[in-house]
Protein chains: 2
Amino acid sequence: MKKTNRQSTLQLSTSQEDYLKEIFLLSERGEPVTTLALAQKIGVKSASVTDMIKKLMELGLVQRKPYQAIYLTEAGNRVALEILRHHRLLETFLAEKLGYRLDEVHGEAEQLEHVISEQFEKAIARMLGHPRRDPHGDPIPTFNLVMPTDTTERTLYSLKKGDRAQITRIMLQDRQSLKHFKTLNLLPGTIITVLDKFEDCMQLSILGQEQKPIKIPLSISEEIMIVPSSLISGKTQ
Amino acid sequence: MKKTNRQSTLQLSTSQEDYLKEIFLLSERGEPVTTLALAQKIGVKSASVTDMIKKLMELGLVQRKPYQAIYLTEAGNRVALEILRHHRLLETFLAEKLGYRLDEVHGEAEQLEHVISEQFEKAIARMLGHPRRDPHGDPIPTFNLVMPTDTTERTLYSLKKGDRAQITRIMLQDRQSLKHFKTLNLLPGTIITVLDKFEDCMQLSILGQEQKPIKIPLSISEEIMIVPSSLISGKTQ
DNA sequence: TTAATAATTTAGATTATTCTAAAAGTTTAA
DNA sequence: TTAAACTTTTAGAATAATCTAAATTATTAA
């Protein structure tokens, strides 16, 4: 069991931390946290999940009754937020300081998140000016493990023809999509206007490059978060 | 088996990489590479070393006959140099960019060295200006895995009364000594003069703080590398 | 409501790394 | 040169994380 490098008293393995993180992320998205869902996210078989959940329950990090939904205890939640903070700070560091592309940050952060010390976390947080979001626009849990929320944020899907907004977050995960969005220039910070909205897609123009409008399937517009233009406060970070 | 993140074809575990690194370091210092020596360095029992050496032999990274000295093959040597390059680049990065103290860099680098990708290695090497030495003054293997050598370097011990020299390398490992040397200001780059040399110790003055001479046991003076003042070329890095 | 389908768990194995205790081999010093 | 001391290996076991295949439980749809 490879041990990791976390502050709190109990030493967890990389694998255990991954399970806790994925339970958190599934819950956060409102998706059911099942044995199968976890197995698919983590890339193991269901039987392995059953075993690991049993272990995490013994450690007081997870709760469930057999065949019932899985959820984190308060302690489990703290660990998940800690790992997520590592992950998102690392992504920010890789993008801003080491010149990684948006589609490259996730994989490397995935490895490093279990290994860095508190000292490393603090040092990069400081170096980056205590960012509130990572390069995807995902919120970074604070040093005291609170997940920041932005009540003004909504989906691109929610906009109507003529609306103007700033992109705050790209919730797509796969590298291909991220590369594509990069080339389109549809990234956190970008300001867009809805030129038209149809049954299956919407047409956008990007501030500063109005000459080439962009078409986005509605399904994807739900994976892009924005703040309406009237509410833009100046700073996205 | 926790897998690491290295360029070459074969995927080694953190543990395997540690064995290869320690074999390299023992050989390099001219110390005998025995089962017991490795066990002590790595912090496992001899029986575990026997097993692991068997595995590394099967992988073609190590050679020996039972009860005989252990040494690296060409392939094993490459892996060791790769890990050592990671380690020393990371130490440099932690010290220069994240404000770590000299005695803090080793532990963190020890964890990270097995996890960072080629891309990460290249990025920090670039950011640091392709340093030739880490904060201890230890040489950093080049990107093509050649260990730089400095033929002008010798031990502090070798100096005579009245000699002047620049410290290039502190070969002590324990955190306590490193802290102590930091407070004495005896660090790579420091220029010293030998005020006197006795049977058991030598007395030094440090350029810029001649008012307080420093006494060093001879045993320790063998762990400090210097270049004589006449040979100082200007750049230590 | 019950049969088919799907999800979950159990049982039994496998792989990697480590351990302890005992056996085997090597070195050393009288 | 041989007995004591030390090093190394072997044998057997433990732990962690995973797997497959079979059994169990839950859900769904007729």
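Naming convention: chains lettered A, B, ... in sequence-line order (proteins, then strands); numbering from 1 in each chain. Any value given below was found using the heavy atoms of this structure, including those in side chains, with hydrogens, waters and symmetry copies removed.
Close to D:dT9, at under 4.0 Å from its OP1 or OP2, lies no side-chain N or O of B:Ser46. Remark: A:Thr50 is not in phosphate contact with C:dT10, judged by side-chain N or O atoms under 4.0 Å from OP1 or OP2. At least one side-chain nitrogen or oxygen of A:Ser15 sits closer than 4.0 Å to the OP1 or OP2 atom of D:dT18. Listed pair A:Ser48 / D:dT18 fails the phosphate criterion, with no side-chain N or O lying under 4.0 Å from OP1 or OP2. An OP1 or OP2 oxygen of C:dT17 is reached within less than 4.0 angstrom by no side-chain nitrogen or oxygen of B:Lys45.
Across the protein-nucleic acid pair, A:Leu36 atom CG and D:dA26 atom P stand 17 Å apart, rounded to whole Å. Between the P atom of C:dA16 and the CD atom of B:Glu58 lies a distance of 10 Å, rounded to the nearest Å. Summarising the geometry, the separation between CG on A:Asp51 and P on D:dA16 is reported as 12 Å, rounded to the nearest angstrom. Across the protein-nucleic acid pair, A:Lys55 atom NZ and C:dT10 atom P stand 14 Å apart, rounded to whole Å. Taking atom CD of A:Glu31 as the reference point, atom P of C:dA7 lies 15 Å away to the nearest angstrom. Distance B:Leu12 CG to C:dT15 C1': 16 Å, rounded to the nearest Å. If you measure from atom CD of B:Gln68 to atom C1' of C:dG25, you get 12 Å, rounded to the nearest angstrom. As a whole-Å value, the separation of B:Ile53 CD1 from D:dT10 P is 13 Å.
Comparing atom distances between the A:Thr35 side chain and each of C:dT9, D:dT9, C:dT18 picks out C:dT9 as nearest. Of all nucleotides listed (C:dT18, D:dA21, C:dT8), D:dA21 comes nearest to the side chain of A:Ala47.
For the pair B:Glu82 and B:Arg85, the salt-bridge criterion is not met [side-chain N within less than 4.0 Å of a carboxylate O]. We find that A:Arg169 and A:Asp150 are not joined by a salt bridge, their nearest charged nitrogen and carboxylate oxygen being 4.0 Å or further apart.
The side chain to side chain contact (heavy atoms under 4.5 Å, CB included) test with B:Leu20 is passed by exactly one of B:Leu84, B:Ile83, B:Val62: B:Val62.
Within 4.0 Å of A:Lys54, counting heavy atoms only, lie sugar-phosphate atoms of the nucleic acid but no base atom.
When each of A:Tyr67 and A:Ile42 is assigned the nucleotide of DNA chain D bearing its nearest heavy atom, the one mapping closer to the 5' terminus is A:Ile42.
A donor-acceptor contact closer than 3.5 angstrom is absent between the side chains of B:Gln63 and B:Thr73.
In this structure, CD1 in A:Ile170 is found 11.5 Å from CD1 in A:Ile226, a value given to the nearest 0.5 Å.
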